[in-house]
A.B. asks: 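Following this message is one structure expressed as structure tokens.
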Amino acid sequence: MYPHDNISFWTSGQGLWKHVPAHLWNDWRWQMQNRITTAAQLEAFMPLTARERDGFLAVKNRLAFAVTPHFFNLIDRENPDCPIRRQIVPVTEENIFSEGETDDPVGEEKSSPVPGLVHRYPDRVLLLSTDRCACYCRYCTRSRLVSNARGYDFHPHLDAGLRYIAEHREIRDVLVSGGDFFLLSDEKINDLLSRLRAIPHVEFLRVGSRVPVFLPQRITPALCEILKRHGPIWLSLHINHPRECTRELAEAAERLAFAGVVLGNQSVLLRGVNDDETVMRSLVHRLLMMRIRPYYLYACDKISGSAHFRVPVIRGIEIIRSLRGKTSGYAIPQFVIDAPGGGGKIPVNPDYLEAFLSDGSVRLKNFLGKEFLY
Ligand SMILES: *Cc1c(COP(=O)(O)O)cnc(C)c1O
Ligand code: SF4
């Protein structure tokens, strides 16, 4: 237990795979090869609900199911509402498409001058390096292309992407994502980072990855050495619930930090996962303890079949408000909505500015609701 709440922490280990030699368990390739990928395999490990069994029928041609043994161990197998389980096990509702939902909710395709590269903001681009992830999140914004369940047939056009970046001198910031960049081999990671570093106007290099959460074994000393060599690298993790903060993740984060990687976190606000003040506070506290700065809290994008995950925007604002003033300022992420159709990220934080007065002063409200004039 962690002294400031009652959620168990730093525990994980081999769980149901205690019989596996530690050197295999700690090998990321073993974890990948031993992923659970079908309903029948999953059912051998835990009872499924009717909604889950039904959900698997929809998965086949929408978004693959996969979970590493490490992440599987975090599931409460007796609880169908387990927040870890909700994120990765499909349910019936995933097949219900609601008003305004699409397969490309933030309009990436139309801002894509080269396949696998999204250029939405003037000075920065998103480069998609692979279509694979270690586990698949049921609410994934990029489910049209990750896991290739829809025959999108995504192949990173890295040469074309790199040429585009080299030809556009206004690009100073490259975000490498996917899929998950850290599933590539050390050689490929080293090669892409070297080629990006060789472009003189690219001054800021960052990676988005959920691998430290799903597959902390991948964060090897050799990988950290590569990241160090090409540093500074900024890394955005994707951690949604305090229970994901295992000892293994904390150790991986420490290896990354000691290699000079700057760590941030992007959470998605998800119903039944983290739409709760206590859960969010314990998450952000654990992040700080692992040297991970909360960066963004996203409203869940309107990807097809995700209505069961969506939380009213006002709840997100209330949750941020519950943190402000009551915990370390470093612990508070920006709440953002990625505008449908491709408007980019729009911050929607609680407003503490009550009024602009005619003499140039402002009326403010503090975290306790008390008014002040400045
Ligand atoms: C999120 C995103 C970025 C990075 O945005 P920041 O606010 O700078 O973190 C860049 N390009 C695209 C297409 C994005 O979706
Ligand atoms: S790790 Fe990221 S890209 Fe992969 S399925 Fe989850 S949200 Fe999508």
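Just follow the structure's listing: the first ligand is 1, and inside any ligand the first atom is 1. Quick caveat: nothing in here was measured; it's all calculated off a predicted structure. What you see below is based on every heavy atom in this structure, not just the backbone, and it leaves out hydrogens, waters and symmetry mates.
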A.B. asks: Can you spot which of Val279, Leu283, Leu270, Asp276 makes a side chain to side chain contact (heavy atoms under 4.5 Å, CB included) with His241?
C.D. replies: Val279
A.B. asks: Taking the six-membered ring where the residue is Trp, are the ring centres of Phe65 and Tyr136 under 6.0 Å apart?
C.D. replies: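 No - the distance between ring centres of Phe65 and Tyr136 does not fall below the 6.0 Å cut-off.
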A.B. asks: Distance from Phe182 atom CZ to Ser129 atom OG, nearest 0.5 Å?
C.D. replies: 9.5 Å
A.B. asks: Under the criterion side chain to side chain contact (heavy atoms under 4.5 Å, CB included), which of Val89, Val91, Thr49 is the partner of Pro80?
C.D. replies: Thr49
A.B. asks: Report the relative orientation of the aromatic rings in Trp25 and Trp30; use parallel for angles under 30°, tilted for 30 to 60°, perpendicular for over 60°.
C.D. replies: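 Judged by the thresholds at 30° and 60°, the geometry between Trp25 and Trp30 is tilted.
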A.B. asks: Could you check ligand 1 for N or O atoms lying under 3.5 Å from protein N or O atoms and list the pairs with distances?
C.D. replies:
unit_1   : atom_1 : unit_2 : atom_2 : d
ligand 1 : 7 (O)  : Tyr296 : OH     : 2.6
ligand 1 : 8 (O)  : Arg124 : NE     : 2.7
ligand 1 : 8 (O)  : Arg124 : NH2    : 3.3
ligand 1 : 8 (O)  : Arg206 : NH2    : 2.8
ligand 1 : 9 (O)  : Arg206 : NH1    : 2.9
ligand 1 : 9 (O)  : Arg206 : NH2    : 3.4
ligand 1 : 9 (O)  : Tyr295 : OH     : 2.6
ligand 1 : 15 (O) : Lys345 : NZ     : 3.0

A.B. asks: Less than 2.8 Å away from atom 4 (Fe) of ligand 2, how many protein N/O/S atoms can be counted, ignoring water?
C.D. replies: 1
A.B. asks: Below 30° counts as parallel, above 60° as perpendicular, anything between as tilted: where do the rings of Phe72 and Trp17 land?
C.D. replies: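 It falls in the perpendicular class, over 60°.
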A.B. asks: How long is the span from the OG1 atom in Thr92 to the CG atom in Leu57, to the nearest 0.5 Å?
C.D. replies: 8.5 Å
A.B. asks: Using only heavy-atom distances, determine whether the side chains of Gln217 and Asp27 contain a donor-acceptor pair under 3.5 Å.
C.D. replies: no
A.B. asks: Could you tell me whether Arg132 sits above the aromatic face of Phe181, with NZ or CZ closer than 6.0 angstrom to the six-membered ring centre and within 45 degrees of the axis?
C.D. replies: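 The answer is no; the distance or angle limit is not met.
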